[in-house]
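Below is one structure, written out as structure tokens, with a few remarks after it.
Worth knowing before you read on, the calculation uses all heavy atoms, side chains too, and leaves out hydrogens, waters and symmetry mates. So that the names make sense, note that chain A is the first sequence line, chain B the second, and so on, each numbered from 1.
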Number of protein chains: 2
Amino acid sequence: MTAESTSGTPRQPAVRRAPARRVSMADVARLAGVSAQTVSRVSNGHPSVVGSTREQVLDAMRRLGYRPNSAARALKYGEFRTIGVILFTLSTVGNSRTLEAIVDHAAHEGYAITLIPVAVPTQDGVLGAFTRLGELAVDAVIVIMEVHLLDAATMTLPLGIPAVIVDSTGGDRYTVVDTDQADGTRQAVRHLLDLGHRTVWHVAGPEDSYAAERRAETWRATLTEAGLPVPRMWRGDWSADSGYRAGLELADEPGCTAVFAANDQMALGLLRAFHEKGKVVPRDVSVVGFDDIPDSTSFIPPLTTVHQDFTEVGRRCVERVLRQVHHRRTKAGTTLVPTRLVVRDSTAPPPA
Amino acid sequence: MTAESTSGTPRQPAVRRAPARRVSMADVARLAGVSAQTVSRVSNGHPSVVGSTREQVLDAMRRLGYRPNSAARALKYGEFRTIGVILFTLSTVGNSRTLEAIVDHAAHEGYAITLIPVAVPTQDGVLGAFTRLGELAVDAVIVIMEVHLLDAATMTLPLGIPAVIVDSTGGDRYTVVDTDQADGTRQAVRHLLDLGHRTVWHVAGPEDSYAAERRAETWRATLTEAGLPVPRMWRGDWSADSGYRAGLELADEPGCTAVFAANDQMALGLLRAFHEKGKVVPRDVSVVGFDDIPDSTSFIPPLTTVHQDFTEVGRRCVERVLRQVHHRRTKAGTTLVPTRLVVRDSTAPPPA
DNA sequence: CCACCACATGTTTGCGCGAACAAGCACCCA
DNA sequence: TGGGTGCTTGTTCGCGCAAACATGTGGTGG
């Protein structure tokens, strides 16, 4: 995502045109022949307005096309009923699915979502987003991070507003909601080992992704715990194409009978590479992915993968951040959303 | 993550209460020993504040953690610098990519994006969204529709705010930005015919999608214009799985040598079905998709498909809606974003 | 019959901000 | 020396709304 200058310098005076005079309560009041306060009462469904008056007001509202000004309302109440979501990109499946769940659940709670893109996943970028957020009309923030920027101390609640972080560490200082990366990875690797594979290769996601690092770490640990050798690790960028490139090399790797890809898209690339190299999945090589994107049932062959419950992640984010909003208290801690392995047709025992 | 945690920055307390009442300009002014107006000037980078005063004010701002109240600012200016986006789902690639482009471009123009989900794609659902939008803090609306609800007259500018519709008809009454569905489809079908296929089968998207209908229509028209028979049409729901089910049947269809799927995911399902049925793509059957999602390069085989420029669609939406905001005038009309056929390995001349 | 109550409606006020205007001041030139 | 001139800073006011309080009105019971 592109960001303009995200530095904290004072805003330059923007060119503002005369505000479009919208219909206000006073206009409605005048037409209905009542006071503005009565219009307010009707607008908010206050009971002590007699039927005939109410009708007059409603009629005037309709005729003038009145709609309440939420800025004034927010000013009065001191809250916007809006949650800001900071993210780097929507192009990964996980992010967009999580966002969708956040939006739905927030709507259910009567909150709107405002999106704040951060172009450059650097510390400045994050700061910039927070700075702009400060000026945006939000009561709380959910950060969908894919990079290790949380520990930048400058990011510590620079606004003093409730925040929840997705997909990162920092559970001791922030409220974190995340998929249980370690457990999912462990299930995937164990599944392959249980099938009889001697070890498991890994195509990791980009280094700057916490999720990718966590999966790689756990892959390594699981092998080590089982007393097995840890083969060389390939590095992708989440894209199917990067998985394909890794696959072309892995196909020539002697003894490679099982590969764990850090996401389904890279697994797709692996499948293609193995296919082109004449290796049959799962007869010659087994492949496991991570995410369980809907398409993975239609890969050739249908993919064994770790199911992530993005909906649940989004739901809990909203739940936890709203709890902070209402209780005015920040509680650090991590909520882990469980995963489960979905076994399809891309895994089998190793060739004899 | 461990690397950052060793950075020399001081750790912040884990729990910090949000101040009961937020810091206002008056508080800053008091601490800095100036008037509130001077604080306002500093906040907005007004030039006529002398250096020493500015420093005092900035210092007070920092110490109190001041951030401007956007509700008050919006109330004053009569605008929110926010665009609302109404959508039904983020789970289709097109929607999330379009949204991402909208967010980016809006940010570039200094506008934030507020998301308004519509749960049920019925007329009531749309109305509900618009009603709530009326109370939301937005200056304009972009509607990402996938269903034919525009013609519901009740939606006619219920708020009188600028609106742009993506992906629909109604160009005579609304401002519409859309991918050139017809041209893309024509290119896909012509490509298959030019390769020598006698006709082209079609797996359409759901009936309630305008894009799906438009593609189906154009497919039919292109065949008819060429004097060719129009085979039975299969109906999917955009999912790979629905493409797979259609593919299982199409594989048994005599004389079916070319299939145009209304999106890439259904094409993926087709590829799997043909594979399972022992039909080799493209030797026995050619397949063309629509969208050009990044994964389509890694299908087996890499998919020939119609490239949609979602980024451009999003960009133009923002551009057109902001033009309305600034010129205070609604201009109906349709902007079509061109498509182009990307030929990969899933198409070939029909078997002899 | 009047004091009082319940309820509908009106008036005042201030949320935080910034435009418009006013005030204070230093400096300049006739 | 006196009246600009230009610059910084302060004061007033109202954006639209709704809480709090004030007022008005009709009805009821002692």
Side-chain angles (χ1 to χ4, degrees), chain A residues 10-58 60-61 64-81 134-137 139, chain B residues 19-58 60-61 64-81 134-139:
Chain A
R11 310 147 49 104
Q12 44 192 318
V15 181
R16 312 254 182 197
R17 54 190 57 256
R21 266 281 287 153
R22 276 206 354 219
V23 180
S24 77
M25 286 202 323
D27 302 315
V28 176
R30 204 171 306 117
L31 179 59
V34 299
S35 74
Q37 183 57 31
T38 298
V39 176
S40 168
R41 282 191 265 257
V42 170
S43 178
N44 294 313
H46 196 280
S48 73
V49 178
V50 86
S52 61
T53 310
R54 173 185 308 278
E55 281 315 314
Q56 272 178 16
V57 172
L58 286 175
M61 281 181 175
L64 295 176
Y66 169 76
R67 60 191 182 107
N69 179 319
S70 50
R73 196 171 275 183
L75 180 58
K76 190 94 179 77
Y77 287 135
E79 64 167 18
F80 304 95
R81 298 196 73 80
E135 298 168 11
L136 286 175
D139 303 313
Chain B
R21 200 181 333 183
R22 278 215 355 228
V23 181
S24 77
M25 283 200 329
D27 302 314
V28 176
R30 204 170 309 118
L31 179 60
V34 299
S35 74
Q37 182 57 30
T38 299
V39 176
S40 167
R41 284 191 264 254
V42 171
S43 177
N44 293 311
H46 195 281
S48 72
V49 179
V50 84
S52 60
T53 310
R54 174 185 306 278
E55 281 315 316
Q56 271 177 17
V57 172
L58 285 174
M61 281 181 173
L64 294 175
Y66 169 76
R67 59 191 182 109
N69 180 319
S70 50
R73 196 171 272 179
L75 180 58
K76 188 88 177 94
Y77 285 135
E79 64 170 15
F80 302 95
R81 297 197 75 78
E135 297 168 11
L136 285 176
V138 299
D139 303 313

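Computed from coordinates, the A:R30 CZ to D:dG16 P distance equals 11 Å when rounded to whole Å. Taking atom CE on A:M61 and atom C1' on D:dC17, their separation rounds to 12 Å, with Å as the unit. Whole-Å rounding puts the B:L75 CG to D:dC13 P distance at 18 Å. A:H46 places its NE2 atom 10 Å from the C1' atom of D:dA19, with the value rounded to the nearest Å. Rounded to whole Å, atom C1' of C:dC17 lies 15 Å from atom CZ of B:R67. D:dT8 atom C1' lies 13 Å from atom CD of B:Q56, rounded to whole Å. The separation between A:F80 atom CZ and C:dC15 atom P is 16 Å, rounded to whole Å. Between A:N69 atom CG and C:dC17 atom C1' the separation is 14 Å, expressed in whole Å.
Judged by closest nucleotide on DNA chain C, A:S48 is the one of A:S48 and B:A26 placed further toward the 5' end. Nearest-nucleotide mapping onto DNA chain D: of A:K76 and B:V34, the residue sitting toward the 5' end is B:V34. DNA chain D is contacted by both B:Q37 and A:S43; B:Q37 maps to the nucleotide lying nearer its 5′ end (nearest heavy atom per residue).
Dashed line: the shortest gap from a side-chain N or O of B:T38 to OP1 or OP2 of D:dG10 is under 4.0 Å. For A:R73 and D:dG16, the shortest distance from a side-chain N or O to OP1 or OP2 is not below 4.0 Å. Neither OP1 nor OP2 of C:dA8 sits under 4.0 Å from any side-chain N or O of A:T53. OP1 or OP2 of C:dC17 has at least one side-chain nitrogen or oxygen of B:Y66 nearer than 4.0 Å. Using a 4.0 Å cut-off, no side-chain N or O of A:R41 falls inside it from OP1 or OP2 of D:dA18.
No side-chain N or O of B:S40 forms a donor-acceptor pair with one of B:S43 less than 3.5 Å apart.
Residue contacts for B:V49: at a heavy-atom cut-off of 4.0 Å it reaches the sugar-phosphate backbone alone, with no base atom in range. Nucleic acid contact class of A:S35 (heavy atoms, under 4.0 Å, all strands): base.
Here the straight-line distance linking atom CE of A:M61 with atom CG of A:L31 works out to 11.5 Å at 0.5 Å rounding.
A:Y66 pairs with exactly one of A:L58, A:V57, A:V23 by the side chain to side chain contact (heavy atoms under 4.5 Å, CB included) rule, that one being A:V23.
Distances were taken from every side-chain heavy atom of B:V50 (C-beta onward) to each of C:dA8, C:dC17, D:dT9; the shortest belongs to D:dT9.
Taking the side chain as every heavy atom from C-beta outward, A:D27 and A:R30 approach each other to under 4.5 Å.
Remark: the backbone N or O of B:H46 is not paired with any side-chain donor or acceptor of B:N44 at under 3.5 angstrom.
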